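Following: one structure in structure tokens, then a few remarks.
Heads up: numbering here begins at 1 and tracks the sequence. Quick caveat: nothing in here was measured; it's all calculated off a predicted structure. These values consider heavy atoms only, across backbone and side chains, with no hydrogens, waters or symmetry-generated copies.
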Amino acid sequence: MTVARILAEKGSSVVTVQPERTLDDAIHLLADKSIGALVVCDPEGHVVGIISERDIMRALARQAGAAFDAPVSVHMTGTVTSCKRSTTIEEVMHLMTEGRFRHVPVCEDGKLVGLVSIGDVVKRRIATVEAEHQAMRDYITMA
């Protein structure tokens, strides 16, 4: 299974934030949308970073309340690992495991076209394993 299939099932809508918005804005956006990360994009839609709950906790630990008024660009992860629609789930799992992150932006031609989370990957992987088990049970029953 590829990322394209995941996006076809879940949709390609991504909540983004501009780098000049405040950390307080980002926190409220995360809470309002009940999500764990925001992709930081420039006006042309290019990914310039990602800000996650983990980044926010680090910012608060370092600067306490002063972090709220800082721009997202100060606290975001600037080096973002992305994938393409053609990337397999196994490749995405490897990226997430090696990089120790839970969100991977999907980019094509330099533009953001979706986002894959660890929850998306686990959900599809469990469905695949369950389908394989059912096929084996059916095969054994027929034998």
Side-chain angles (χ1 to χ4, degrees), residues 1-63 65 67-142:
M1 182 182 292
T2 64
V3 168
R5 181 142 175 219
I6 291 174
L7 294 179
E9 292 175 11
K10 80 170 226 168
S12 57
S13 161
V14 182
V15 181
T16 62
V17 67
Q18 298 79 31
E20 67 276 2
R21 297 288 299 269
T22 67
L23 194 64
D24 187 59
D25 293 336
I27 291 168
H28 283 90
L29 191 52
L30 288 169
D32 291 345
K33 300 292 183 180
S34 296
I35 55 176
L38 299 166
V39 179
V40 185
C41 291
D42 66 16
E44 291 78 39
H46 299 105
V47 175
V48 297
I50 193 164
I51 186 111
S52 68
E53 295 164 322
R54 196 177 290 171
D55 295 318
I56 292 167
M57 293 306 293
R58 287 185 188 119
L60 293 173
R62 283 192 304 265
Q63 297 181 346
F68 289 112
D69 295 325
V72 166
S73 60
V74 172
H75 300 294
M76 70 183 187
T77 298
T79 304
V80 180
T81 300
S82 64
C83 67
K84 297 183 179 211
R85 289 181 181 114
S86 60
T87 306
T88 66
I89 287 183
E90 290 77 17
E91 291 170 321
V92 172
M93 286 190 305
H94 178 75
L95 289 173
M96 289 178 170
T97 302
E98 290 298 310
R100 301 189 65 204
F101 44 78
R102 299 175 293 185
H103 300 87
V104 178
V106 183
C107 298
E108 298 277 335
D109 300 321
K111 301 279 185 168
L112 180 66
V113 297
L115 182 72
V116 179
S117 72
I118 189 70
D120 300 326
V121 172
V122 169
K123 179 180 177 182
R124 275 39 174 223
R125 187 69 184 128
I126 288 172
T128 300
V129 169
E130 287 175 350
E132 289 170 357
H133 284 161
Q134 186 60 47
M136 287 295 267
R137 278 188 228 112
D138 293 346
Y139 177 76
I140 292 168
T141 303
M142 297 294 218

Please examine the side chains of [Y] and [X], heavy atoms only from C-beta on, and report whether any two atoms are closer than 4.5 Å.
X: Ile50; Y: Leu38; result: no
X: Arg102; Y: Ser117; result: no
X: Val39; Y: Val15; result: no
X: Leu115; Y: Val104; result: no

For [X] against [Y], the heavy-atom pair lying closest together:
X: Val72; Y: Ala26; value: CG2-CB, 3.9 Å
X: Gly36; Y: Leu30; value: C-CD2, 3.7 Å
X: Leu7; Y: Gly114; value: CD2-CA, 4.1 Å
X: Thr22; Y: Asp69; value: CG2-O, 3.8 Å

Set of salt bridge (Lys or Arg N to Asp or Glu O under 4.0 Å) partners for Glu9, sequence neighbours left out: Arg5, Arg124
Using salt bridge (Lys or Arg N to Asp or Glu O under 4.0 Å) as the criterion, list what pairs up with Arg21, not counting sequence neighbours. Asp25
If I take atom [atom1] from residue [X] and atom [atom2] from residue [Y], how far apart are they, to the nearest 0.5 angstrom?
X: Arg54; Y: Phe101; atom1: CZ; atom2: CZ; value: 10.5 Å
X: Cys41; Y: His46; atom1: SG; atom2: NE2; value: 9.5 Å
X: Glu53; Y: Met57; atom1: CD; atom2: CE; value: 9.5 Å
X: His75; Y: Leu60; atom1: NE2; atom2: CG; value: 8.0 Å
X: Ser73; Y: Gln18; atom1: OG; atom2: CD; value: 11.5 Å
X: Leu29; Y: Asp24; atom1: CG; atom2: CG; value: 11.5 Å

Going by atom type alone, with no hydrogens or angles, which donor-acceptor pairs under 3.5 Å involve a side-chain atom of residues 81-96 and a protein atom two or more places apart or on another chain?
{"residue": "Thr87", "atom": "OG1", "partner": "Lys84", "partner atom": "N", "Å": "3.0"}
{"residue": "Thr87", "atom": "OG1", "partner": "Lys84", "partner atom": "O", "Å": "3.1"}
{"residue": "Thr88", "atom": "OG1", "partner": "Glu91", "partner atom": "N", "Å": "3.1"}
{"residue": "Thr88", "atom": "OG1", "partner": "Glu91", "partner atom": "OE1", "Å": "3.2"}
{"residue": "Glu91", "atom": "OE1", "partner": "Thr88", "partner atom": "N", "Å": "2.8"}

Qualifying residue, where the test is side-chain contact (heavy atoms from CB on, under 4.5 Å) with Val40 and the options are Ile51, Thr77, Val80: Ile51
Looking at Arg137, I want to see if its CZ is surrounded by more than 12 non-hydrogen atoms of other residues, nucleotides or ligands under 6.0 Å. yes
Whether Asp55 and Arg58 form a salt bridge (side-chain N of Lys/Arg under 4.0 Å from carboxylate O of Asp/Glu) is what I want to check. yes
Tell me if a side-chain donor or acceptor on Asp109 pairs with a main-chain N or O of Lys111 at a distance below 3.5 Å. no
